[in-house]
Amino acid sequence: MQETSEFDIRLIPSHIALIMDGNGRWAEERRRPRLAGHKAGVDSVRAVVETAREIGVRYLTLYAFSTENWQRPRAEVKGLMALLRTYLESELRTMLKNDIRLFCIGQRERLPADVLSVLEQVMQETEHCREMTLNLALSYGGRNEMIRAVRKMAHKCVAGEVDPDALSEGMLGECLDTFGQPDPDLLIRTGGEHRLSNFLLWQVSYAELYFTETKWPDFRKYQLLEAVATYGRRQRRFGKTGAQLLGR
Ligand code: FPP
């Protein structure tokens with residue numbers, strides 16, 4: 001196992017976004033119900049949050065429930081919501097101890113009242129935490145986030161607060177759920193698919209993409225370190241040439 005102390009802090013992504021895919025297939029391979037996969041996935045969430053905090057990641061965004069996921073069988077949605085609630089209840093102490101702030105992106109008002117209440121309580125109690133922000137994307141869709149942002153800007157224009165011709169990328173960024181946070185440097189997707197699935201469509205414009213066959217329940221500390229090490233070996237050019245970046 002790669003030791004965390006081997007990592008060069010300058011090569012640690014400030015913001016990692018994660019599409020946690022493959023829970024259902026992991027469970028099916030073991031002839032177990034899909035929910036068993038999600039349950040094992042919660043242990044991966046714990047391991048990844050702990051490791052990210054340990055190596056100095058400042059923002060970690062987990063795609064926990066998409067706007068499309070509401071269409072899953074009722075029992076699965078109910079099971080996922082129960083897991084989410086238990087996770088939030090059990091993790092508050094650890095978050096406080098590790099100085100982790102919990103934040104939520106997406107339409108959280110669509111969540112069941114009991115989950116929403118625990119979520120808001122944990123968000124409130126960890127609001128002062130500074131070392132890492134854990135964003136849970138819940139009832140989240142990138143297009144939905146963008147249209148809500150566009151509506152906010154349209155209201156400002158109609159109210160005469162902003163000139164439509166002055167609208168900028170920065171202003172749109174301020175209207176997104178992730179306002180005030182840096183864009184992800186690294187986007188990881190587990191489970192073998194090579195898609196964005198409506199996740200952070202605006203924010204991942206320049207993110208490095210990392211896809212792995214590993215299914216989410218098997219993605220733990222070592223797998224995260226492997227992804228971060230791969231990121232560290234890549235050269236991010238932001239549209240410039242390699243020579244420009246080296247100041248030549
Ligand atoms: C995708 O796997 C995963 C999800 C839709 C839910 C992810 C949820 C968790 C890991 C647990 C709860 C989250 C937290 C933050 C405590 P899939 O079911 O689409 O897998 P498949 O593609 O193999 O069917």
Side-chain angles (χ1 to χ4, degrees), residues 16-53 57 59-95 98 100-108 110-112 114-123 126 132-142 144 177 187-200 211-221 223-224:
I16 300 181
L18 239 158
I19 303 178
M20 312 181 285
D21 196 17
N23 293 350
R25 280 166 287 154
W26 183 93
E28 280 158 24
E29 278 168 9
R30 289 160 181 78
R31 297 180 193 287
R32 292 170 66 190
R34 291 178 57 82
L35 211 54
H38 295 314
K39 222 170 169 177
V42 178
D43 292 333
S44 295
V45 169
R46 286 200 181 92
V48 162
V49 171
E50 188 185 47
T51 307
R53 168 70 179 83
V57 170
Y59 297 86
L60 176 67
T61 303
L62 303 180
Y63 205 3
F65 196 86
S66 72
T67 45
E68 291 75 23
N69 286 153
W70 290 114
Q71 293 159 34
R72 292 198 173 197
R74 256 202 7 217
E76 186 170 339
V77 172
K78 214 172 151 196
L80 275 167
M81 291 299 144
L83 284 178
L84 184 61
R85 183 184 158 165
T86 315
Y87 170 80
L88 291 168
E89 283 167 347
S90 65
E91 275 337 84
L92 175 61
R93 270 181 54 183
T94 312
M95 285 183 201
N98 293 332
I100 298 174
R101 177 185 180 200
L102 182 82
F103 194 68
C104 173
I105 60 170
Q107 292 180 294
R108 64 170 176 270
R110 289 187 69 186
L111 296 171
D114 63 323
V115 180
L116 183 60
S117 144
V118 181
L119 175 73
E120 289 185 335
Q121 187 203 337
V122 178
M123 280 170 62
T126 59
M132 186 172 93
T133 297
L134 170 62
N135 290 318
L136 291 186
L138 293 169
S139 192
Y140 175 87
N144 172 270
D177 297 348
L187 170 82
I188 301 172
R189 180 172 187 144
T190 65
E193 310 287 0
H194 297 177
R195 312 187 266 275
L196 292 180
S197 297
N198 204 12
F199 190 41
L200 300 175
F211 299 102
T212 170
E213 293 295 318
T214 305
K215 297 178 182 70
W216 179 249
D218 290 327
F219 193 93
R220 301 280 165 103
K221 178 174 186 164
Q223 288 73 18
L224 180 67

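In listed order, ligands and their atoms are each counted from 1.
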**Q** Polar-atom distance check: G24 versus ligand 1, any N or O pair below 3.5 Å?
**A**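 Looking only at distances, the answer is yes, because the N/O contact criterion of under 3.5 Å is met.
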**Q** Between ligand 1 and R34, can you find any atom pair, the residue atom being a heavy atom, that is separated by under 4.0 Å?
**A** yes
**Q** Between S197 and F199, is there a donor-acceptor pair closer than 3.5 Å when you use the side chain of the first and the backbone of the second?
**A** no
**Q** Using a strict cut-off of 4.0 Å, indicate which atoms of ligand 1 neighbour a heavy atom of W216.
**A**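 Under 4.0 Å from W216, ligand 1 has these atoms: 10 (C).
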**Q** Taking the side chain from S44 and the backbone from W216, do they hold a donor-acceptor pair closer than 3.5 Å?
**A**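 At least one qualifying donor-acceptor pair exists.
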**Q** Hey, what do you get for CG (L80) to CH2 (W70), rounding to the nearest 0.5 Å?
**A** 9.5 Å
**Q** Ligand 1 and R25, any nitrogen or oxygen pair closer than 3.5 angstrom?
**A** yes
**Q** Starting from atom 10 (C) of ligand 1, what is the nearest protein heavy atom, named by residue and atom, and what distance separates them?
**A** N23 ND2, 3.5 Å
**Q** If we only count N/O pairs under 3.5 Å, is W26 in contact with ligand 1?
**A**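 So ligand 1 has no N or O lying under 3.5 Å from an N or O of W26.
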**Q** Donor-acceptor check, side chain of R108 to backbone of L138, threshold 3.5 angstrom: yes or no?
**A**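 No, because the side chain of R108 does not come within donor-acceptor range (under 3.5 Å) of the backbone of L138.
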**Q** Name the closest protein heavy atom to atom 22 (O) of ligand 1, giving the residue it belongs to and the distance to 0.1 Å.
**A** D21 OD1, 3.0 Å
**Q** Under a 3.5 Å cutoff, is there a donor and acceptor pairing between the side chains of N69 and S66?
**A** yes
**Q** Atom 3 (C) of ligand 1: which protein heavy atom is closest, and how many Å away?
**A**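 Checked against all protein heavy atoms, atom 3 (C) of ligand 1 sits closest to M20 O, 3.1 Å.
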**Q** So, taking the atom named CE in M123 and the one named CE in M95, what distance separates them when rounded to the nearest 0.5 Å?
**A**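 The distance works out to 11.0 Å.
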**Q** Starting from atom 13 (C) of ligand 1, locate the nearest protein heavy atom and write down its residue, its atom name and how far away it is, to 0.1 Å.
**A**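 Going atom by atom, the protein heavy atom closest to atom 13 (C) of ligand 1 ends up being A64 CB, 4.1 Å.
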**Q** Which part of R72 is near ligand 1, with near meaning a heavy atom under 4.0 Å away: side chain, backbone, both or neither?
**A**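 The part of R72 near ligand 1 is the side chain, not the backbone.
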**Q** Please check this pair: side chain of Y140 against backbone of A64, looking for a donor-acceptor N/O pair closer than 3.5 Å.
**A** no
**Q** Heavy-atom distances under 4.0 Å decide this one: backbone, side chain, both or neither, for L62 against ligand 1?
**A** neither
**Q** Identify, with sequence neighbours excluded, every residue that meets side-chain hydrogen bond (donor to acceptor under 3.5 Å, both in side chains) alongside S90.
**A**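 So S90 forms a side-chain hydrogen bond (donor to acceptor under 3.5 Å, both in side chains) with R46.
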**Q** In chain order, what residues pass the side chain to side chain contact (heavy atoms under 4.5 Å, CB included) check against T94, with sequence neighbours excluded?
**A** E91, N98
**Q** So is G191 close enough to ligand 1, meaning a heavy atom under 4.0 angstrom away?
**A** no
**Q** Just need the protein heavy atom nearest to atom 12 (C) of ligand 1, so name the residue and atom and give the distance.
**A**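 So the nearest neighbour among protein heavy atoms is V42 CG2, 4.1 Å.
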**Q** How close does the nearest protein non-hydrogen atom get to atom 5 (C) of ligand 1, and which residue and atom is it?
**A**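 Sorting protein heavy atoms by distance from atom 5 (C) of ligand 1 puts N69 OD1, 3.6 Å first.
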